[in-house]
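Along the sequence shown, residues carry numbers from 1. Just so we're clear, the structure is a prediction, and the values are computed from it rather than from any experiment.
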Amino acid sequence: MASVASSVTFKEFCPLYYLLNAIPTKVQKGFRSIVVYLTALDTNGDYIAVGSSIGMLYLYCRHLNQMKKYNFEGKCESITFVKLLSCFDDLVAVGTASGRVAVFQLVSSLPGRNKQLRRFDVAGIHKSSITALAWSPNGMKLFSGDDKGKIVYSALDLDHGICNSSLVLEEPSSIVQLDYNQKVLLVSTSQRTVLFYTEEKSVKQVGTQPRK
């Protein structure tokens, strides 16, 4: 007797306790106990990346069921955005509340892949909270936006460990979302959405009316 497959409209998943239990709820700083808040999230087929209020990035590997931690040197500030990318190497970009942006090139056990953790910094351009990050599919370009409307383009040379960054666009309002494909950067702000053509350095607005 043939069974008829029922269509599922809603499906409930249990909380990821194995992930949450690996992240501390409090940390000790001197004589103070500081509550850890989870502030940013991104996922792909290999990793779950969670940013925190203490400047620690928690990276859970789904294949190995292992949690690793990465942080910024110096001041412990809240992570505001994380963006994963799986290409030839696994990369994760991290933005903070003060405008710091770092890229971590992760270690891989696969033949021919990266064998040493490396970090690249986008230095000195953003001065306010990072609100959006976008990768090119090959991991050679990273775009970062902040709540003052600045968008920075970073060219990464992973083989030689080089990251060159420059300001490419400045909007009058906060950046809400970035997405990049085929030499076109989609930029959404709190007031409008534009297409930025990276080769021609030209901007085309989507629609005519500003957001209210």
Side-chain angles (χ1 to χ4, degrees), residues 39-47 49-51 57 70 72 77-106 118-212:
T39 56
L41 175 71
D42 195 26
T43 65
N44 61 18
D46 301 317
Y47 294 98
V50 182
L57 172 70
Y70 305 94
F72 289 86
E77 55 182 302
S78 180
I79 291 174
T80 55
F81 210 94
V82 294
K83 193 66 175 178
L84 290 161
L85 178 69
S86 287
C87 50
F88 183 75
D89 285 310
D90 292 309
L91 305 168
V92 56
V94 184
T96 74
S98 71
R100 296 177 70 183
V101 178
V103 172
F104 294 94
Q105 184 182 8
L106 306 178
R118 291 197 289 178
R119 196 182 97 183
F120 304 83
D121 291 301
V122 177
I125 300 178
H126 291 291
K127 302 297 183 184
S128 59
S129 181
I130 301 301
T131 53
L133 294 166
W135 283 106
S136 64
N138 61 6
M140 297 176 68
K141 298 177 181 179
L142 175 69
F143 294 90
S144 51
D146 62 34
D147 64 358
K148 298 298 183 184
K150 288 185 177 180
I151 298 173
V152 172
Y153 160 60
S154 300
L156 285 95
D157 186 336
L158 300 176
D159 294 331
H160 296 91
I162 298 171
C163 176
N164 294 315
S165 304
S166 60
L167 180 68
V168 293
L169 188 63
E170 199 161 359
E171 285 288 308
S173 59
S174 174
I175 305 301
V176 176
Q177 185 180 8
L178 297 173
D179 195 18
Y180 177 80
N181 193 28
Q182 298 294 327
K183 300 180 182 179
V184 181
L185 180 68
L186 175 68
V187 179
S188 285
T189 75
S190 57
Q191 293 182 355
R192 67 173 187 165
T193 296
V194 299
L195 297 174
F196 176 65
Y197 295 88
T198 57
E199 294 289 310
E200 299 86 354
K201 303 290 191 297
S202 62
V203 174
K204 181 179 180 181
Q205 182 167 312
V206 178
T208 57
Q209 298 298 321
R211 293 192 179 122
K212 295 181 180 179

Which value, rounded to the nearest 0.5 Å, describes the distance between [X] atom [atom1] and [Y] atom [atom2]?
{"X": "Lys148", "Y": "Thr131", "atom1": "NZ", "atom2": "OG1", "value": "11.5 Å"}
{"X": "Leu169", "Y": "Ile151", "atom1": "CG", "atom2": "CD1", "value": "4.5 Å"}
{"X": "Lys127", "Y": "Asp146", "atom1": "NZ", "atom2": "CG", "value": "11.0 Å"}
{"X": "Ser166", "Y": "Ile125", "atom1": "OG", "atom2": "CD1", "value": "6.5 Å"}
{"X": "Leu84", "Y": "Thr43", "atom1": "CG", "atom2": "OG1", "value": "7.5 Å"}
{"X": "Asn164", "Y": "Tyr153", "atom1": "CG", "atom2": "OH", "value": "9.0 Å"}

For a quick test of reading the model, state the closest non-hydrogen atom pair linking [X] to [Y] and the distance between them.
{"X": "Ser144", "Y": "His126", "result": "OG-NE2, 2.7 Å"}
{"X": "Ala49", "Y": "Val82", "result": "O-CG2, 3.9 Å"}
{"X": "Cys163", "Y": "Ser154", "result": "SG-CB, 4.0 Å"}
{"X": "Gly145", "Y": "Leu178", "result": "N-CD1, 3.6 Å"}
{"X": "Tyr197", "Y": "Leu195", "result": "OH-CD1, 3.7 Å"}
{"X": "Leu185", "Y": "Phe143", "result": "CD2-CD2, 3.7 Å"}

Beyond-backbone contact of [X] with [Y], side-chain heavy atoms, under 4.5 angstrom:
{"X": "Arg118", "Y": "Leu158", "value": "yes"}
{"X": "Val101", "Y": "Leu133", "value": "yes"}
{"X": "Gln191", "Y": "Glu171", "value": "no"}
{"X": "Thr198", "Y": "Val168", "value": "no"}
{"X": "Tyr70", "Y": "Val92", "value": "no"}
{"X": "Leu91", "Y": "Phe120", "value": "no"}

Inset, instruction - Tell me yes or no: between the side chains of Thr189 and Ser173, is some donor less than 3.5 Å from an acceptor? - result: yes

Inset, instruction - For Asp147 and Ser128, test the side chains for any donor-to-acceptor distance below 3.5 angstrom and give the result as yes or no. - result: yes

Legend entry - Donor-acceptor contact below 3.5 Å, side chain Thr80 vs main chain Ile130: yes

Inset, instruction - Look only at the side chain of Glu77 and the backbone of Ser98, and say whether a donor-acceptor pair between them is shorter than 3.5 Å. - result: yes

Inset, instruction - Return yes when atom CD of Glu200 has more than 12 non-hydrogen atoms of other residues, nucleotides or ligands closer than 6.0 Å, and no otherwise. - result: yes

Inset, instruction - Determine whether more than 12 heavy atoms belonging to other residues, nucleotides or ligands lie under 6.0 Å from atom NZ of Lys141. - result: yes

Legend entry - Asp42: partners by side-chain hydrogen bond (donor to acceptor under 3.5 Å, both in side chains), with sequence neighbours left out: none

Inset, instruction - Output, in order, the C-alpha distance, side-chain angles, deciding distance and verdict of side chain to side chain contact (heavy atoms under 4.5 Å, CB included) for Lys204 and Phe196. - result: CA-CA 7 Å; Lys204 181 179 180 181; Phe196 176 65; over 6 Å; no

Inset, instruction - Show your working on side chain to side chain contact (heavy atoms under 4.5 Å, CB included) between Val122 and Val152 and close with a plain yes or no. - result: CA-CA 9 Å; Val122 177; Val152 172; 4.1 Å; yes

